[in-house]
Protein chains: 2
Amino acid sequence: MKTDPETKPDLSAQIAKAIRDAIIEGRMIVDERLPSEAELADQFKVSRPTVREALKRLAAQSLIRTQRGAFGGAFVRHLSYEEAYGQHITTSTLLLSMNAVSFETACEARYALERACAPLACTRRSADHLATMRAEIHRQGQPGLSDEAFCASDVTFHRALVDAANNPVLSYQLAGAVEAMQPLMNMITFTARSRETIVQLHTRIADALEHETPQQADTALHELEAYTLTLGRDVMAARTRQNA
Amino acid sequence: MKTDPETKPDLSAQIAKAIRDAIIEGRMIVDERLPSEAELADQFKVSRPTVREALKRLAAQSLIRTQRGAFGGAFVRHLSYEEAYGQHITTSTLLLSMNAVSFETACEARYALERACAPLACTRRSADHLATMRAEIHRQGQPGLSDEAFCASDVTFHRALVDAANNPVLSYQLAGAVEAMQPLMNMITFTARSRETIVQLHTRIADALEHETPQQADTALHELEAYTLTLGRDVMAARTRQNA
DNA sequence: TACATTTAATTGTCTGACAATTTGTTGGCA
DNA sequence: TGCCAACAAATTGTCAGACAATTAAATGTA
């Protein structure tokens with residue numbers, strides 16, 4: 001592990017990169033212990049605080065974990081789906097908010113991806129997934145529900161749809177798209193009328209999965225996309241009027 | 001910005017979380033300057049090295065950037081698509097390799113997502129995207145190409161397909177799926193015979209996009225998935241034999 | 001005014017120290 | 001012998017203070 005001698009960025013960044021590359025390229029395996037901070041400082045010819053900054057960078061990316069005490073130290077971490085989800089969602093959310101992605105674009109992406117899951121979900125959905133979807137549909141029909149709670153339930157419903165495809169890679173990729181859109185969706189006010197329409201479409205989707213009719217799921221998702229889009233446009237239009 | 005007084009994790013982690021939350025919840029906007037390290041140390045009642053470790057954590061997540069000199073400091077960073085891509089791909093690649101995702105699962109996810117793009121790509125593809133795809137198809141037909149180069153060209157081709165949908169959110173989500181699979185794909189040896197089959201399928205996909213026939217693109221992608229799967233299975237079978 | 005110089009603010013790095021935590025070891029005791 | 005407590009060692013976590021490097025603003029000068 002060596003640092004490039006002529007590069008400009010911070011020493012701690014260089015060292016972090018050197019170690020990161022070692023992990024990513026498989027030169028260090030899961031649960032392998034890194035040299036102690038003092039040893040790394042010697043190896044890289046820097047002080048311990050600099051090494052520590054590098055290690056904290058890696059910890060922030062969930063690439064290592066540290067343990068105090070004798071025979072403690074930094075260990076290569078096993079990246080779990082849960083943590084990867086978390087990072088992915090954080091990044092996606094920021095990306096959407098900072099880059100002012102339009103509601104249309106986000107919506108289009110989300111439903112395109114969900115439609116990709118539908119055929120798989122039709123063949124693989126478990127009773128559990130169906131039950132979750134039915135339960136959320138029921139909740140969405142309750143009159144006293146706040147907009148936020150309705151939205152959260154919506155996310156749960158759609159995650160169940162995605163998870164029903166029973167493909168962890170798909171679930172991971174889509175978690176970002178669905179959950180990252182929640183802040184955008186939260187801006188929508190769901191009237192009793194619009195909730196009714198959405199519940200009907202959700203019911204059609206759940207039915208399609210239960211009866212294994214992918215074509216109907218596809219159609220319902222198309223309609224839901226179109227409907228969500230009109231709701232979103234109304235909000236945006238109202239907002240524009242307000243600002244003008 | 002305050003730290004939870006009763007939590008156990010490192011001070012630097014707590015401080016990083018406090019600042020991260022402020023950024024994610026929009027309490028700090030892009031390009032806003034954070035207090036200097038000395039001020040943060042005062043605010044949080046910790047030493048400067050501890051603050052620095054926290055800031056390095058945030059820098060590792062591309063949430064802030066730092067600038068030296070007078071009126072320098074840490075600034076909330078504008079997260080670009082390119083950086084988000086990079087992080088997403090790194091995480092996805094690690095996830096695939098560490099969790100021993102099967103070739104089948106990864107393949108299924110990848111092509112399901114690509115099929116989701118196809119209809120959009122048919123209506124929106126630019127001359128540029130088509131040209132890229134044709135160029136890569138031509139390259140893939142060259143006899144002297146190494147397996148790695150063939151693979152890289154394959155990735156470029158498929159990224160062009162995804163980008164043709166002209167939806168940055170879709171491109172971002174799929175970059176992980178397509179590029180993260182490259183290490184898995186690299187294990188495959190592409191014979192002249194299999195390359196010919198792939199080139200034919202790629203041609204059909206490009207044709208479908210050019211003629212705006214989404215159904216044909218869908219079919220070709222299904223066939224490509226099935227074919228890739230058989231290639232992958234052969235490799236796995238050979239590998240198993242070798243180990244036995 | 002235009003340009004060079006100084007100055008102040010800020011991050012980057014180092015040194016050395018001590019606290020906190022965990023593990024292995026040793027010694028005493030039954 | 002076998003068990004338990006105290007101790008030693010290794011390692012990360014935190015702190016204080018210092019100096020170097022860098023950069024923008026302020027200042028002085030032609």
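Below, chain A is the first sequence line, B the second, and so on; all start at residue 1.
Evaluation of the salt bridge (charged side-chain N to carboxylate O under 4.0 Å, His left out) rule for Arg52(B) yields Glu53(A), Glu37(B) as partners, not counting sequence neighbours. Residues satisfying the salt bridge (charged side-chain N to carboxylate O under 4.0 Å, His left out) test with Glu25(B), not counting sequence neighbours, are Arg27(B). Listed by chain and number, the residues in a side chain to side chain contact (heavy atoms under 4.5 Å, CB included) with Pro49(B) are Ser47(B) (sequence neighbours excluded). Annotation: salt bridge (charged side-chain N to carboxylate O under 4.0 Å, His left out) contacts of Arg124(A) (sequence neighbours excluded): Glu108(B). With sequence neighbours left out, the side chain to side chain contact (heavy atoms under 4.5 Å, CB included) criterion links Val30(B) to Met98(A), His78(B). Scored by the side chain to side chain donor-acceptor pair (under 3.5 Å) test, Thr90(A) finds no partners at all (sequence neighbours excluded). When the side chain to side chain contact (heavy atoms under 4.5 Å, CB included) test is applied to Arg134(B), the partners found at least two apart in sequence or on another chain are Thr203(B), Ala206(B), Asp207(B), Glu210(B).
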task: Going 5' to 3' through nucleotides 10-15 of chain D, assign each nucleotide B (protein heavy atom under 4.0 Å from a base atom), S (under 4.0 Å only from sugar-phosphate atoms) or - (no protein heavy atom that close).
output: BBBBBB
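Rounded to 10°, the helix from dT1(C)-dA30(D) to dA30(C)-dT1(D) has 10° between the axis fitted to its first five pairs and the one fitted to its last five.
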